[in-house]
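As a basis for the values below, the full set of heavy atoms in this structure was taken, side chains included, without hydrogen atoms, waters or symmetry mates. A quick note: this is a predicted structure, and the numbers were derived from the prediction, not measured.
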Amino acid sequence: ELLTHPLQPLQSNRVEHFFSDLEVEKQAELLKWLVEIGDFLAEKFSIHASINIHNSFIEPNTGRETFIKIISQAKTPMTFEFTETFKMPPADVSNAILRKVRELGHRSGLDDFGTGLNGMSLLISYDFDVIKLDRSLTLNVETSEKKAKVLSLIFEMLTVLDKQHVVEGVETEEVFKKLKQIGFTTFQGFYFSKPIPVSEFVKAKESEKTHEISN
């Protein structure tokens with residue numbers, strides 16, 4: 001029952017598209033459910049959950065307060081990724097939220113850096129723990145020296161700023177090797193796994209466990 005929510009079905013793999021059409025109260029309901037899913041995955045499979053947050057949720061004071069209240073009830077550490085389709089509140093307001101996220105034992109992430117509204121000013125002025133590089137930055141990096149040089153500069157900048165990173169859009173071994181050569185260490189993409197619904201993931205994991213026991 002936990003894996004089937006009243007607001008389902010989610011028609012997109014990118015949860016922020018679903019968030020953007022909801023009022024704050026409905027966003028809160030969905031976030032609470034996603035946090036419960038995150039706790040379930042952590043406790044059952046030792047998986048660290050990352051949850052996308054549409055920035056419209058934290059624009060009003062009531063939304064910010066509700067966001068903090070919900071994530072404070074999480075039983076396990078999670079990462080909350082703020083997306084690129086809606087502007088973040090001013091730096092002082094946002095950084096207060098990000099500090100609270102950290103105080104509660106979670107991490108904050110800047111999703112899809114390099115596209116939409118998630119540009120350089122957010123990287124420098126906003127105190128995110130993790131920066132996720134958009135796949136547009138890694139596309140054809142294995143054959144483009146110019147793009148490889150740009151990514152090398154971004155890697156150096158993240159190192160100077162003491163930011164963790166995740167590189168998105170890693171779909172081939174060639175791209176993976178090139179990014180590792182630059183210095184990146186954390187990746188996401190079809191090269192490792194295609195996105196699947198949580199319910200299918202749980203079934204696959206439980207099937208693996210049953211197979212191990214039977215052997």
Side-chain angles (χ1 to χ4, degrees), residues 10-20 34 38 41 45-55 77-88 91 94-95 98 101-102 106-198 200-201 204-205:
L10 300 183
Q11 297 295 332
S12 170
N13 288 325
R14 299 176 62 82
V15 177
E16 74 270 19
H17 292 171
F18 188 74
F19 264 85
S20 64
L34 291 171
L41 293 174
F45 304 113
S46 299
I47 290 174
H48 179 97
S50 293
I51 298 175
N52 284 8
I53 303 297
H54 195 269
N55 298 336
M78 301 180 193
T79 299
F80 297 95
E81 302 175 10
F82 296 86
T83 59
E84 78 285 359
T85 57
F86 194 95
K87 67 178 181 179
M88 289 285 290
S94 292
N95 285 336
L98 302 182
V101 169
R102 195 176 299 118
H106 305 298
R107 300 188 306 173
S108 63
L110 177 64
D111 195 28
D112 292 335
F113 171 71
T115 190
L117 297 173
N118 287 357
M120 191 64 68
S121 63
L122 288 180
L123 180 62
I124 296 173
S125 302
Y126 289 65
D127 192 20
F128 294 100
D129 299 305
V130 184
I131 307 300
K132 298 190 69 176
L133 306 187
D134 186 70
R135 67 183 308 276
S136 62
L137 296 174
T138 61
L139 188 65
N140 300 324
V141 65
E142 76 279 20
T143 58
S144 172
E145 283 303 312
K146 183 181 292 185
K147 184 163 283 191
K149 288 179 181 178
V150 169
L151 282 167
S152 294
L153 292 173
I154 291 175
F155 176 76
E156 291 179 15
M157 185 166 50
L158 293 176
T159 301
V160 169
L161 294 172
D162 194 26
K163 301 293 185 184
Q164 300 175 49
H165 67 264
V166 176
V167 185
E168 300 179 343
V170 181
E171 299 185 357
T172 66
E173 183 176 4
E174 291 74 21
V175 170
F176 176 55
K177 288 181 176 179
K178 186 66 177 181
L179 292 169
K180 284 185 67 177
Q181 182 182 13
I182 290 172
F184 293 106
T185 59
T186 310
F187 310 93
Q188 173 183 314
F190 283 19
Y191 178 64
F192 307 100
S193 175
K194 293 184 178 181
I196 61 173
V198 175
E200 290 184 19
F201 173 82
K205 281 293 185 180

Inset, instruction - Show your working on side chain to side chain contact (heavy atoms under 4.5 Å, CB included) between Tyr191 and Val175 and close with a plain yes or no. - result: CA-CA 9 Å; Tyr191 178 64; Val175 170; over 6 Å; no

Inset, instruction - Apply the test side chain to side chain contact (heavy atoms under 4.5 Å, CB included) to residues Thr138 and Val170: give CA-CA distance (whole Å), side-chain angles for both, the deciding distance (0.1 Å), then the verdict. - result: CA-CA 7 Å; Thr138 61; Val170 181; 5.6 Å; no

Inset, instruction - State the CZ-CG distance between Phe113 and Leu122, to the nearest 0.5 angstrom. - result: 9.0 Å

Inset, instruction - Taking His106 for its side chain and Met78 for its backbone only, find out whether a donor-acceptor pair lies under 3.5 Å. - result: yes

Legend entry - Considering all heavy atoms, the nearest Ile47-Phe201 contact: CD1-CZ, 3.1 Å

Legend entry - Rounded distance [0.5 Å steps], CZ in Arg135 versus OG1 in Thr115: 10.5 Å

Inset, instruction - Using modelled atom types only, decide if a donor and an acceptor are shared between the side chain of His54 and the backbone of Thr85 within a distance under 3.5 Å. - result: no

Legend entry - Distance (rounded to the nearest 0.5 Å) between Ser121 OG and Met88 CE: 10.5 Å

Legend entry - Side-chain (Asp134) to main-chain (Gly114) donor-acceptor, under 3.5 angstrom: no

Inset, instruction - Output yes when Glu142 and Lys178 qualify as a salt bridge under the 4.0 Å nitrogen-oxygen rule, no when they do not. - result: no

Inset, instruction - Taking the side chain as every heavy atom from C-beta outward, state whether Phe190 and Pro195 have any pair of such atoms under 4.5 Å apart. - result: yes

Legend entry - Spatial distance of atom CZ (Phe184) from atom CG (Leu133) [nearest 0.5 Å]: 5.0 Å

Inset, instruction - Verify, without hydrogens or angle tests, whether Asn95 (side chain) and Ser125 (backbone) share a donor-acceptor contact under 3.5 angstrom. - result: yes

Legend entry - Heavy-atom check, side chain of Lys163 versus side chain of Leu110, under 4.5 Å: no

Show every donor-acceptor pair shorter than 3.5 Å between a side-chain atom in residues 145-154 and any protein atom, with sequence neighbours excluded, or say none if there are none.
residue: Lys147; atom: NZ; partner: Ser136; partner atom: O; Å: 3.1
residue: Lys147; atom: NZ; partner: Leu139; partner atom: O; Å: 2.9
residue: Ser152; atom: OG; partner: Ala148; partner atom: O; Å: 2.9

Legend entry - Where Phe86 and Asn55 come nearest, the two heavy atoms and their spacing: O-ND2, 2.5 Å

Inset, instruction - Hey, could you give me the CG/CG distance between Leu137 and Leu179, rounded to the nearest 0.5 Å? - result: 10.5 Å

Legend entry - Nearest-0.5 Å distance, NZ of residue Lys180 to NZ of residue Lys177: 9.0 Å

Legend entry - Donor-acceptor contact present, side-chain His165 to main-chain Phe155, <3.5 Å: no

Inset, instruction - Quickly, which of Ile53, Leu98, Asp127, Thr79 forms a side-chain contact (heavy atoms from CB on, under 4.5 Å) with Ser108? Name it, please. - result: Leu98

Inset, instruction - For Tyr126 and Ala91, indicate whether the former's side chain and the latter's backbone hold a donor-acceptor pair under 3.5 Å. - result: yes

Inset, instruction - For residues Phe82 and Phe128, determine if any side-chain heavy atom of one lies less than 4.5 Å from a side-chain heavy atom of the other. - result: yes

Inset, instruction - Would you check if Asp111 and Glu84 make a side-chain contact, meaning some heavy-atom pair closer than 4.5 Å? - result: yes

Legend entry - Sole candidate of Gln164, Arg107, Arg102 that passes side chain to side chain donor-acceptor pair (under 3.5 Å) when paired with Asp129: Arg102

